Amino acid sequence: MARLIVFLLLSLPAFAQVNEIPLRDLNGTRTTLSAFSGKLVAVVFLSPECPLCQNYTRTLNALEGAEVVGIVPGRAYDREELLRFRDKYRVRFPLLTDAPNALAAHFKATTTPEVWLLDENRTVLYHGAIDNWAIALGKTRNTVTAHYLSDAIRAYREGRPVSVPETRPVGCFINDL
């Protein structure tokens with residue numbers, strides 16, 4: 001049975017694959033990325049314990065032009081921890097869990113925060129860091145000089161190609177894969 005499911009998943013177009021991967025909201029209700037169909041979506045993998053994720057919530061809350069969806073991979077955090085994270089950092093975008101790491105595996109996500117900007121057809125327009133504030137773990141710039149994600153959103157909205165389609169994310173490793 002498991003082989004049949006894997007075969008069927010591999011046979012589906014990428015849009016169907018990513019759109020139908022099972023996720024859960026903080027109430028435990030099953031959902032998928034198809035709930036955001038027809039929209040430009042920034043899928044960002046987050047960890048409540050990662051200092052960079054904590055700091056980037058403000059940037060993600062202020063992001064314009066795309067719907068932000070926070071994905072917490074694995075089973076490391078229970079509902080109460082995620083609610084505390086959401087409330088403490090005033091997260092205004094949906095937080096979803098990816099307990100089986102299916103979405104993380106689909107994207108080959110390794111880091112938090114790590115973002116994928118997807119168009120309406122779930123084509124990846126941009127992948128990597130949100131901006132260049134973080135140089136390495138524990139080392140940041142005083143001033144952000146490159147806004148990778150917001151620049152990619154603007155380029156797409158203006159009908160231009162994304163000039164920097166991929167960067168190396170900096171952050172905490174996803175440890176529940």
Side-chain angles (χ1 to χ4, degrees), residues 5-6 8-10 12-131 148-150 152-153 156 169-177:
I5 292 170
V6 170
L8 290 173
L9 284 175
L10 292 175
L12 294 172
F15 176 79
Q17 281 184 25
V18 74
N19 249 7
E20 298 311 319
I21 291 173
L23 303 165
R24 298 225 176 249
D25 67 18
L26 296 187
N27 292 319
T29 304
R30 186 183 185 280
T31 190
T32 64
L33 288 181
S34 65
F36 306 95
S37 65
K39 299 178 184 177
L40 190 61
V41 177
V43 174
V44 59
F45 286 86
L46 299 169
S47 168
E49 294 178 325
C50 176
L52 288 173
C53 292
Q54 295 165 357
N55 283 300
Y56 271 114
T57 57
R58 184 177 304 132
T59 301
L60 293 168
N61 279 338
L63 191 67
E64 294 181 2
E67 175 124 22
V68 175
V69 179
I71 305 293
V72 180
R75 294 178 170 86
Y77 305 101
D78 63 26
R79 180 178 186 268
E80 288 71 33
E81 290 170 303
L82 296 175
L83 289 171
R84 280 194 299 275
F85 170 73
R86 182 196 67 191
D87 295 345
K88 181 175 182 177
Y89 296 100
R90 299 181 179 151
V91 174
R92 293 192 307 252
F93 49 86
L95 283 177
L96 305 176
T97 61
D98 178 24
N101 288 306
L103 191 63
H106 176 85
F107 285 125
K108 296 179 179 70
T110 61
T111 308
T112 62
E114 184 172 5
V115 67
W116 277 262
L117 181 63
L118 309 175
D119 70 8
E120 295 84 354
N121 297 314
R122 298 306 181 249
T123 301
V124 176
L125 302 172
Y126 170 76
H127 161 242
I130 295 165
D131 57 33
Y148 308 122
L149 179 57
S150 59
I153 293 168
Y156 178 77
V170 175
C172 302
F173 288 114
I174 294 174
N175 60 7
D176 196 345
L177 285 175

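Owing to the predicted nature of the structure, the values given are computational and were not obtained by experimental measurement. Just so it is clear, the values below take in all heavy atoms, side chains as well, and ignore hydrogens, waters and symmetry mates.
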Open item on the list: Out of the candidates I71, T97, T32, only one should pair with L103 under the side-chain contact (heavy atoms from CB on, under 4.5 Å) rule; please name it.
Closed with: I71
Task: Pairwise salt bridge (Lys or Arg N to Asp or Glu O under 4.0 Å) hits with a residue in residues 44-56, at least two apart - done: none
Task: More than 12 heavy atoms of other groups within 6.0 Å of R58 CZ - done: no
Task: Atom pair CG (D78) and CG (L83), whose distance is rounded to the nearest 0.5 Å - done: 9.0 Å
- [ ] Would you name the heavy atoms of P48 and L82 that are closest together and state the gap between them?
- [x] CG-CD2, 3.6 Å
If you look only at distance, which donor and acceptor atoms sit under 3.5 Å apart when one is on a side chain in residues 84-94 and the other is two or more places apart or in another chain?
residue, atom, partner, partner atom, Å
Y89, OH, Q54, OE1, 3.2
R92, NH2, N61, O, 3.3

Open item on the list: So, taking the atom named NE2 in H127 and the one named CG in L118, what distance separates them when rounded to the nearest 0.5 Å?
Closed with: 10.5 Å
Open item on the list: Applying ring-ring contact (aromatic ring centres under 6.0 Å, His included), can you list everything that pairs with Y148, at least two apart in sequence or on another chain?
Closed with: none
Open item on the list: L149 vs L117, test: side-chain contact (heavy atoms from CB on, under 4.5 Å). Steps then yes/no.
Closed with: CA-CA 7 Å; L149 179 57; L117 181 63; 4.1 Å; yes
Open item on the list: If I take atom CD1 from residue I174 and atom SG from residue C50, how far apart are they, to the nearest 0.5 angstrom?
Closed with: 10.0 Å
Task: Non-neighbouring partners of F45 that pass ring-ring contact (aromatic ring centres under 6.0 Å, His included), sequence neighbours left out - done: W116
Open item on the list: Testing the basics here: between P113 and L46, what is the closest heavy-atom pair and its distance to 0.1 Å?
Closed with: CB-CD2, 4.3 Å
Task: Any donor-acceptor N/O pair, N27 side chain to T29 backbone, under 3.5 Å - done: no
TODO: Measure across T111 and V170 and return the closest heavy-atom pair with its distance rounded to 0.1 Å.
DONE: CG2-C, 3.8 Å
Task: Separation of I153 CD1 from Y126 OH (nearest 0.5 Å) - done: 10.5 Å
TODO: Any pair with a residue in residues 62-71 that passes side-chain hydrogen bond (donor to acceptor under 3.5 Å, both in side chains), sequence neighbours left out, goes on the list, sorted by first then second residue, please.
DONE: K39-E67
TODO: Report the C-alpha separation of L40 and L125 in whole Å, then their side-chain angles, then the decisive distance to 0.1 Å, and conclude whether the side-chain contact (heavy atoms from CB on, under 4.5 Å) test is met.
DONE: CA-CA 10 Å; L40 190 61; L125 302 172; 3.6 Å; yes
Open item on the list: Once ring-ring contact (aromatic ring centres under 6.0 Å, His included) is applied, what residue pairs with a partner in residues 17-39 remain, sequence neighbours excluded?
Closed with: none
- [ ] Verify the distance criterion only: is there a donor paired with an acceptor across the side chains of R75 and N101 at less than 3.5 Å?
- [x] no
TODO: To the nearest 0.5 angstrom, please state how far the OG atom of S34 sits from the CZ atom of R122.
DONE: 8.0 Å
Task: Exam field: side chain N121 to backbone T123, donor-acceptor pair closer than 3.5 Å - done: no
Task: Heavy-atom closest pair, residues T31 and D25 - done: CG2-N, 4.2 Å
Open item on the list: Using 0.5 Å steps for rounding, measure from the CG atom of L52 to the OG1 atom of T57.
Closed with: 11.5 Å
Open item on the list: Testing the basics here: between A42 and A66, what is the closest heavy-atom pair and its distance to 0.1 Å?
Closed with: N-CB, 4.4 Å
